[in-house]
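Since the structure is predicted, the reported quantities are computational estimates derived from the model, not experimental observations. Keep in mind that the numbers below use all heavy atoms, side chains included, and drop hydrogens, waters and symmetry copies.
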Amino acid sequence: MFKRWTPRRVAIMRRIRVVSAVLLTFVLFAATFFIGVRKTVALEINGEKSTVTTFAMTAEALLAERHVDVKTHDFIDSSSGSRLENNAVVIFKTAYQTAISINGVEVPFWTYATDATQILNFFDSARENSIDVSLKVNNIYDKLSGSFAINENGPVTVICDGKISEAPDGKLPAASILDQQGITLDKEDRVSVEKNSDKPILRVSRVKHEQQTQTVPIPYTTQTIIDPNLEEGKSEVRLNGRNGEKIQIFDVTLVDGVEESRKVVNETIAKDPVVEIVAKGGKKPDSLSDSDSDNSSKKQDSQNPQSDNSQSDNNSSTNPAPSADPTATPTPEPQDDPTVDPSPSPTVNPQPEPSPAPTVDPTPEPEPEPEPSPEPSQDQWHATPLEAQVYAQAVAAQRGWTGSNWEAILFLWEHESNWRWNAENPYSGAYGIPQALPGNKMGAGWHDNAAVQIQWGMSYFSSRYGTPTEALRHWKEHNWY
């Protein structure tokens, strides 16, 4: 039976068509989004390759999706850049810390190289600048730093106890090569890898300790006294000084028979020093005595005999005598006694006071012996600008930043800090080779370790700009990066 088209039915059908269109559009959009977001990616994790499908938008998100623990120094690279795209290639390498010796100072170096020779190749510029570089294998049995091969591309020269041999299979780790050569390590022996004319050398350095005894003089001190009986400006040695002696026992570290360092482990005083006593004069020149003064007065009176009479006459004229009393008995005038000396009696000098005891200056305390300079800590590396550049070039080369990228790093850090580890901007407080602001965001050791500063600076280039050349472009436009 045919249904009549009423206005209500027309409205209902219209609504159905609209809803259907919306649903169809949504389905098409979802399908398109699903197809566009879903990617097939080639993933390589520490050399193991696989093909995976993912909806992740970045390489970091992909690794988190695969439950890969990513740490600060690990290497992540995506062929499609910061945004993950279909058919991209993502490479992840777990970094481990080795120790590089640069001119005798051990410096941490984060790497993901698969053999020791590859690490040393990053430091090829060191030889051009006459900088001694070697790789320390502090624990040859360590799962990470001791398990890498020495040379994947050929044999290895082994030097131990003055003997030179060759290990044909350089792909083995240090422990296996030494076992093949019949070399047994003591607890403190050192293993290092170096290059000589592009040939890798595995070197074992024997570390021994021995005690040595040494007699060291103790300098005597000088004590000064002030003697009032000794003429001023003169000095006399009242007691000769004599050096003492102390016996020191050293623990001496020998590396392949050559002394590397020594440390005092015991110290005893064998003979005390004798203090030297020096007397300095404190007596001033004598002044005129009282008797000399009296004699001078007598001489002056004898030269002027009329001085007293003149004074008497003057007094008589100015002060007339009172009228005489006729009843008063006249007082007889004193007659001169020829036996009495009319001159005043000389003044008797008092008895000299006893001389004060010599004044003793306080005994100067002996100056403390200068303590030996502490050995540089592994948490500190005060690199020279040239050493810092060699290290930075190795870190950059490991990231693939050579050529123009390395030139950009040279330019930026030359203008920012002149490659000085302690460079500090007095206005902003930016610190270190990369001029981080604030400096402490570079992490532990930021204030004294050039390696920490350089590693952070490289990570900053990567995370903020992608490459050093992009950082340099920003710097030239804004005068900061």
Is there a donor-acceptor pair closer than 3.5 Å between any side-chain N or O of [X] and the backbone N or O of [Y]?
X	Y	value
T98	F109	yes
D251	Q211	no
N243	Y220	yes
D186	D189	no
N449	A451	yes
S79	A88	no
D227	G281	no
Q398	W110	yes
N86	T40	yes
D115	N151	no

Compare all side-chain heavy atoms of [X] with those of [Y] and state whether any distance is below 4.5 angstrom.
X	Y	result
V275	L239	no
S462	F75	no
D448	W421	yes
T54	L43	no
V452	W381	no
Q214	R262	yes
F250	V265	no
I150	I177	yes

Assign the ring pair W456 / Y460 to parallel, tilted or perpendicular, where the plane angle (0 to 90°) is split at 30° and 60°.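 If you compare the ring of W456 with that of Y460, the planes turn out parallel.
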If the plane angle is over 60° it's perpendicular, under 30° parallel, otherwise tilted; pick one for Y465 and H474.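 Aromatic pair Y465/H474 classed tilted.
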Begin with the C-alpha distance, continue with both residues' side-chain angles, and end with the deciding distance and a verdict on side chain to side chain contact (heavy atoms under 4.5 Å, CB included) for T467 and W401. CA-CA 8 Å; T467 62; W401 292 341; 4.3 Å; yes
Around atom CD of E48, are there more than 12 heavy atoms of other residues, nucleotides or ligands at under 6.0 Å?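 For E48, atom CD is not crowded (no more than 12 foreign heavy atoms under 6.0 Å).
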Take a 6.0 Å sphere around CZ of R66 and say whether it holds more than 12 heavy atoms from other residues, nucleotides or ligands. no
Could you state the interatomic distance from [atom1] ([X]) to [atom2] ([Y]), rounded to the nearest 0.5 Å?
X	Y	atom1	atom2	answer
R473	H478	CZ	NE2	7.5 Å
Q389	L410	CD	CG	5.5 Å
E260	H209	CD	NE2	9.0 Å
Y96	Y112	OH	OH	11.0 Å
I409	M458	CD1	CE	4.0 Å
S459	I454	OG	CD1	12.0 Å

With a cut-off of 3.5 Å and sequence neighbours excluded, list every side-chain donor-acceptor pair involving residues 168-175.
from : atom 1 : to   : atom 2 : distance (Å)
D169 : OD1    : K171 : N      : 3.2

Provide the closest heavy-atom pair for [X] versus [Y] in the form atom of the first, atom of the second, distance.
X	Y	value
V390	A126	CG1-CB, 3.7 Å
A113	I119	CB-CG1, 3.5 Å
R206	C160	NH2-SG, 3.6 Å
F411	L472	CD2-CD1, 3.2 Å
L62	V90	CD2-CG2, 4.1 Å
A59	I76	CB-CG2, 4.0 Å

Distance-only polar pair, side chains of [X] and [Y], donor-acceptor under 3.5 Å:
X	Y	result
Y391	Q455	yes
K195	N121	yes
Q212	E210	yes

Let me see the working for E85 and R83 under salt bridge (charged side-chain N to carboxylate O under 4.0 Å, His left out), right down to the final yes or no. CA-CA 6 Å; E85 297 179 357; R83 183 179 177 85; 5.5 Å; no
Using the rule given for side chain to side chain contact (heavy atoms under 4.5 Å, CB included), can you reason through F92 versus D74, listing the C-alpha separation, both sets of side-chain angles and the distance that settles it, and then say yes or no? CA-CA 7 Å; F92 171 80; D74 292 342; 3.6 Å; yes
Side chains of residues 430-444: which donor-acceptor partners sit under 3.5 Å, not counting sequence neighbours?
from : atom 1 : to   : atom 2 : distance (Å)
Y431 : OH     : H447 : O      : 2.9
Q435 : NE2    : A423 : O      : 3.2
Q435 : NE2    : G432 : O      : 2.9
K441 : NZ     : L437 : O      : 3.0

Taking the ring of W413 and the ring of F461, is the distance between their centroids below 6.0 Å? yes
Decide side chain to side chain contact (heavy atoms under 4.5 Å, CB included) for H382 and V105; before the verdict, give the C-alpha distance in whole Å, the side-chain angles of both, and the deciding distance to 0.1 Å. CA-CA 10 Å; H382 297 172; V105 179; over 6 Å; no
Derivation of the side chain to side chain contact (heavy atoms under 4.5 Å, CB included) call for M57 and L84: CA-CA 5 Å; M57 303 300 292; L84 192 61; 5.8 Å; no
